Protein chains: 2
Amino acid sequence: MANKTRITIKDVARAAGCGVATASRVLNKSGSASSETRERVEQAARDLGFAFSATGRALQSRKSMTVGCLIPSLANPVFAEAVQGAQEELRKEGYQLLVASSNYDGETDNEILTTLLAKDVDGLLVTMVDPQDSSALNMAQGRNVPTCLMFHDPLPGWPSAHVSNAEAAAEVARRFARYGHRRTGFLALRFATSDRSRNRFDGFRAECAAQNLPAPELIEITETEANTPSILAQRLCEHPELTAIFASNDFLAIAVQKAANLMGWHVPQDLSVVGFDGIEVGRLLDRPLATIETTPEAMGRQAAQTLLVGLQGGEMAELTPLPFTFRVGATLSTPRTKSPDDDRGAAQSPSVPPLTSNVKQG
Amino acid sequence: MANKTRITIKDVARAAGCGVATASRVLNKSGSASSETRERVEQAARDLGFAFSATGRALQSRKSMTVGCLIPSLANPVFAEAVQGAQEELRKEGYQLLVASSNYDGETDNEILTTLLAKDVDGLLVTMVDPQDSSALNMAQGRNVPTCLMFHDPLPGWPSAHVSNAEAAAEVARRFARYGHRRTGFLALRFATSDRSRNRFDGFRAECAAQNLPAPELIEITETEANTPSILAQRLCEHPELTAIFASNDFLAIAVQKAANLMGWHVPQDLSVVGFDGIEVGRLLDRPLATIETTPEAMGRQAAQTLLVGLQGGEMAELTPLPFTFRVGATLSTPRTKSPDDDRGAAQSPSVPPLTSNVKQG
DNA sequence: TTGTAGGCGTTATCAG
DNA sequence: CTGATAACGCCTACAA
């Protein structure tokens, strides 16, 4: 009942019979004190169950020991893992992470950054829709709040822990070419709000050109389409000439397989599929997914380490892209036939109803 | 260069030619002010790009508008989604989330809680190893910091957003029984540090008994074993009598399938598998996973909403368990044979080498 | 309507 | 070695 809400250093000082300054020195092991008062203070602190208030400290020291972290969503394991890595790294140095997600919305991005800045974060870890043109991010810069991006390809002004999206995508194009694919597609979700996705497409298209392949087809889909195999199947049917699809992330790639199955197409013979990210489950699928394997947790770690340098007043260098690997899987092979108008899959499952109706029954 | 580090309300007051109290009133739309000074203050604030310091406010108001969130790991999508849901819900009311993960370690749990408390969080959202016996959690209670657990089955003293682990597990036992399985196994990871896992096992075992099935076999594995199909296969081989396995989460369930494939066992005929959680990819697998479907994001939301009540001084009621559903999949069927010592899979793939050697080549 | 003053919890400064 | 005291940024009486 008589619970004094909070025990402050004042209480400790009083209990120890000394001034607050002395108590502060003892408890912080700064300054010096006679072993006698030291003892009394420590005893009092223990008895009272004293703990410093980080808020009071922050106000006085102008350091909140808190880092703000903005990402699109924790529901995407790629971002969640990056945050996990960053959090571990920062905690070692005593920093806590204030996490917020924008749900891929540019306005929310700015609102969150503003709030984070108001909370006096000492640094920022950011993945957002449009970092190049964010008033809030500029404000962070103006206030000299060290900031490190994550996932974004290099941008003037901020370091970014990233994998070269264009180069990784180019690797996919080369693989496709090597296997004899010509008509390819790039399946994208939230193309408008993801520079990562756009950069992947650009890199993919450029390398297709370099490999003398026709320009890849850009297929943009909505979240609903991605989550409903039958609808996705319809969308794929609009591009019967494609023999290989590069999905902008692994979930989409898996969805493509599902949709293909629905239509009686065989992956990879009828349609090859390659993903991006390299999430763990891709490897556990019956038909392990060919994909670009990245290491989001390492990305978060790298971002955190760089930020730590900035936090200590150092200069944050531009970051070398993290390595990626092409994970070989069972979803990429040579196309069944070079003839684009072949009635694919028919030989395998002659009993399958016409595609359109089949799609509808999905 | 001449960047004054921070613009405070004092600066605004000076620029507007008035006292700080007036500026505060105007900017907070509390108290009243002549429309004239109001104008001047707002103008000044805009010109200077003023923003309140949450730290100063927190110190003064004794409200940090921050909620601490402790979970085992963001690398587990189940927790990540819960945090996502909670974050969205809390942001609506102006709260930010301070997130930290313990990596399933009980000591770290306490360290983190202590730090969070020192940061003056207004409330706590917690999933930890041992909530019943945590000094830090008790301290939170002592300080009257509203706390809501997540994922834990009801515990005296704290509300918890959860699914009834025992009941869900019982449902699996009933399904197994209905399909004619008798010898079953429960595959667990981190059994010692997860009351969720233990409660699932207890519920499963109890219902097996109720269904007149032999007691289920408890198979504990390490993370390494879980991630290496060939090793997991070896572990499974130690229990040739089992026809059905209940995995304590979906990832394990998928791993079991992988391991089974490696040995030439057919899922579900040779071995039925049911998971827990209901992660999205389970549905996208070639062989959709039978599992207990839960809604982690809703759990996070519920926890946040309850916490919000506590944050507003209300009484936090005990929470009704969230509903779960048994997701029918292709990994559960009647066992191929009732005879436990049948050489399973042999009929299907006579060319498969003996199990042991097959395992090793994995 | 307005401004002054005190205090939230800490620490750094500066006399004793 | 020790203890007032003045910030840190803000808000809320209390006065004017």
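None of these values were measured; they are calculated from a predicted model. A note on names: the letters A, B, ... follow the listed sequences, proteins ahead of strands, and every chain is numbered from 1.
Taking atom NZ on B/Lys63 and atom P on C/dG7, their separation rounds to 21 Å, with Å as the unit. Separating the NZ atom of B/Lys119 from the P atom of C/dT10 is a distance of 14 Å, rounded to the nearest angstrom. Straight-line distance from the CD1 atom of B/Ile9 to the P atom of D/dT12: 11 Å, rounded to whole Å. At whole-Å resolution of the value, CZ in B/Arg57 and C1' in D/dT12 are 13 Å apart. The distance between atom CZ of A/Arg14 and atom C1' of D/dG3, rounded to the nearest whole Å, is 15 Å. Here D/dC8 presents its C1' atom at 10 Å from CG of A/Asp120, a figure rounded to the nearest Å. In this structure, the CZ atom of B/Phe52 is 21 Å from the P atom of C/dC8, given to the nearest Å. A/Ile7 has its CD1 atom 11 Å from the P atom of C/dT10, to the nearest Å.
Where the helix from C/dT1-D/dA16 to C/dG16-D/dC1 starts and where it ends, the local axes point in directions that differ by 50°; five pairs per end, rounded to 10°.
For A/Arg62, no side-chain nitrogen or oxygen approaches OP1 or OP2 of D/dA7 to under 4.0 Å. For C/dG9, neither phosphate oxygen OP1 nor OP2 lies less than 4.0 angstrom from any side-chain nitrogen or oxygen of A/Arg6. The shortest distance between the side-chain N/O atoms of B/Thr22 and the OP1/OP2 oxygens of C/dG3 is below 4.0 Å. Checking the phosphate oxygens (OP1, OP2) of C/dC8, a side-chain nitrogen or oxygen of A/Lys10 falls inside 4.0 Å.
Shown here is B/Met139, whose CE atom has no more than 12 heavy atoms of other residues, nucleotides or ligands within 6.0 Å.
With respect to the salt-bridge test (charged N to carboxylate O, under 4.0 angstrom), the residues A/Arg198 and A/Asp195 do not qualify.
Residue A/Gly56 is classed as a base contact, given a heavy-atom separation below 4.0 Å to a base.
Annotation: ring-ring contact (aromatic ring centres under 6.0 Å, His included) contacts of A/Tyr95 (sequence neighbours excluded): none.
Side chain of A/Ala21, nearest nucleotide from D/dA4, C/dT4, D/dC11: D/dA4. The side chain of B/Ser53 lies closest to D/dG9 when the candidates are C/dT4, D/dG9, C/dT13. Nearest to the side chain of B/Phe50, among C/dG9, D/dC10, D/dT5, sits D/dC10. Closest to the side chain of B/Leu59, from the set C/dC8, C/dT4, C/dT10, is C/dC8.
Taken residue by residue, residues 23-37 of chain B places heavy atoms nearer than 4.0 Å to DNA chain C at B/Arg25, B/Ser32, B/Ala33, B/Ser34, B/Thr37.
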